[in-house]
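For the numbers below, each heavy atom of this structure counts, side chains included, while hydrogens, waters and symmetry mates do not. Note that this is a predicted model, so its numbers are computed, not measured. Throughout, residue positions are numbered sequentially from 1 according to the sequence presented.
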Amino acid sequence: MTNVHPFPKDRSGKSTKANRKERGLAGGFPAFHLPDINNEPVDVLMAVIQAGGLYLTPTAERPDDDLPTTHLLRTIDGLNALTDAANVLIYHAMHHPAEFPQEDADSLARRGEQAHKVMHKLDEMLPSDDFIMTIDSYGPDLMAEYATNAAIIVVSAFALDIMAHYDESFIKTGKDKRKAMFRDFQGAYQEAQDECLSRSEGHEFLIKELTSAQRALKKVLKEP
């Protein structure tokens with residue numbers, strides 16, 4: 001995956017817990033904070049943006065091409081960071097039912113659960129790094145590429161779900177004035193998802209052709 005956008009890096013790999021006096025990145029507007037379950041202030045918008053830096057921007061510490069499974073593991077880190085951010089929004093909605101419809105928070109929670117289920121399945125299907133690098137076949141490499149690409153689609157879709165929820169509750173209502181920054185990174189997540197969706201079409205075609213060829217090969221081998 002190429003660096004599609006200069007996502008800021010959160011070296012801790014966790015959601016951003018910001019000081020109440022911290023200011024936002026765009027236009028000098030103050031960051032908007034929500035309390036997490038421990039009553040610590042969280043800049044949810046920055047947490048979502050920095051989650052992209054965990055898996056969309058290669059780093060010197062964990063380069064994109066280090067091991068076959070590295071990028072998938074980084075994408076799991078991104079999903080975990082996004083889940084932390086989503087949980088802050090869900091927790092806030094639970095405690096302010098008059099302002100934030102609980103069905104919207106429940107929908108966001110369901111989307112997060114779906115993302116984790118798919119990610120677990122992708123992680124389970126991926127062979128180990130040793131197997132991928134030692135077997136004399138392109139198959140394991142293709143599996144790693146497919147799983148990573150699918151993971152990026154799933155995680156980026158969840159990021160867009162969170163941003164849509166945040167947009168409705170805090171950007172459109174004017175509680176967070178960093179609209180330009182929000183739109184910029186919303187577009188970056190969409191760009192990442194679109195790029196991987198385009199690549200997945202090639203995977204689908206290749207898998208279909210390989211399946212057809214494999215059936216034909218088995219038929220030949222069974223003939224006397």
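- A salt bridge links Asp167 with Arg183; the closest basic N to acidic carboxylate O contact falls under 4.0 Å.
- Note that the CG atom of Leu56 and the NE2 atom of His71 stand 6.5 Å from one another [nearest 0.5 Å].
- Linking ILVMFWY side-chain heavy atoms closer than 4.5 Å, directly or via other members, places Leu89 and Tyr91 in two distinct hydrophobic clusters.
- Separating the CD1 atom in Ile135 from the CG atom in Asp130 is a distance of 12.5 Å, to the nearest 0.5 Å.
- Using modelled atom types and a 3.5 Å distance limit, the side chains of Asp194 and Gln190 yield a donor-acceptor pair.
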Query raised in the report: Should Leu34 and Val42 be marked as a side-chain contact (heavy atoms from CB on, under 4.5 Å) after you check the CA-CA gap, both sets of side-chain angles, and the distance that decides it?
Result: CA-CA 5 Å; Leu34 296 172; Val42 177; 5.6 Å; no
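- Note on residues 105-115: pairs passing salt bridge (charged side-chain N to carboxylate O under 4.0 Å, His left out), not counting sequence neighbours, are Arg111-Asp161.
- Under the 4.5 Å side-chain heavy-atom criterion for ILVMFWY residues, a single connected hydrophobic cluster contains both Met181 and Tyr166.
- Ala159 and Val48 get closest at one heavy-atom pair: O-CG1, 4.4 Å.
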Requested in this report: Begin from the C-alpha positions of Phe100 and Glu168 and carry the test side-chain contact (heavy atoms from CB on, under 4.5 Å) through to its verdict.
Outcome: CA-CA 10 Å; Phe100 306 98; Glu168 186 67 31; over 6 Å; no
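- Across all their heavy atoms, Lys175 and Ser169 have their closest contact at CD-O, 4.1 Å.
- Screening residues 88-97 for salt bridge (charged side-chain N to carboxylate O under 4.0 Å, His left out), with sequence neighbours left out, gives no hits.
- In this structure, the side chains of Gln114 and Val154 stay at 4.5 Å or more apart for every pair of heavy atoms.
- Tracing side-chain contacts under 4.5 Å through hydrophobic residues (I, L, V, M, F, W, Y), one never reaches Tyr146 starting from Ile132; they form parts of separate clusters.
- Considering only heavy atoms from C-beta on, Leu67 comes within 4.5 Å of Met133 through its side chain.
- Across Tyr189 and Leu160, no two heavy atoms sit closer than the pair CB-CD2, 3.8 Å.
- We find the OG-CE distance between Ser156 and Met163 to be 11.5 Å, quoted to the nearest 0.5 Å.
- Taking the side chain as every heavy atom from C-beta outward, Glu40 and Pro35 never approach each other to under 4.5 Å.
- Atom CD of Gln50 sits about 9.5 Å away from atom CZ of Phe185, to the nearest 0.5 Å.
- The line from NE2 of His165 to CZ of Phe170 is 6.5 Å long, rounded to the nearest 0.5 Å.
- Among Lys179, Lys172, Arg178, the one residue that satisfies the salt bridge (charged side-chain N to carboxylate O under 4.0 Å, His left out) test with Asp176 is Arg178.
- With sequence neighbours excluded, the residues forming a side-chain contact (heavy atoms from CB on, under 4.5 Å) with Met94 are Ile90, Gln102, listed by chain and number.
- Although no hydrogens or angles enter the test, the distance criterion places no donor-acceptor pair under 3.5 Å between the side chain of Asp43 and the main chain of His33.
- Checked against the 6.0 Å centroid threshold, His96 and His92 count as a close aromatic pair.
- Side-chain contact between Leu54 and Arg74 is absent, with no heavy-atom pair separated by less than 4.5 Å.
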Requested in this report: Evaluate side-chain contact (heavy atoms from CB on, under 4.5 Å) for Asn149 paired with Ile153, printing each intermediate quantity in order.
Outcome: CA-CA 6 Å; Asn149 192 70; Ile153 293 172; 3.9 Å; yes
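- Taken together through direct or relayed side-chain contacts under 4.5 Å among Ile, Leu, Val, Met, Phe, Trp and Tyr, Phe182 and Leu82 form part of one hydrophobic cluster.
- You'll find the side chain of Ile37 stays beyond 4.5 Å of the side chain of Asn87, heavy atoms only.
- The heavy-atom pair separating Ala151 from Leu122 by the smallest distance is N-CD1, 3.6 Å.
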Query raised in the report: Are Lys177 and Ile171 close enough, and set up right, to give a side-chain contact (heavy atoms from CB on, under 4.5 Å), and what steps lead you there?
Result: CA-CA 7 Å; Lys177 304 293 185 180; Ile171 297 291; over 6 Å; no
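- Closest approach of Asp36 to Asn38, counting heavy atoms only: OD1-N, 2.9 Å.
- Under a hydrophobic-cluster definition in which Ile, Leu, Val, Met, Phe, Trp and Tyr are linked whenever side-chain heavy atoms come within less than 4.5 Å, directly or via other members, Leu126 and Leu79 are assigned to the same cluster.
- Minimum heavy-atom separation, Gly78 to Tyr55: CA-CD2, 4.0 Å.
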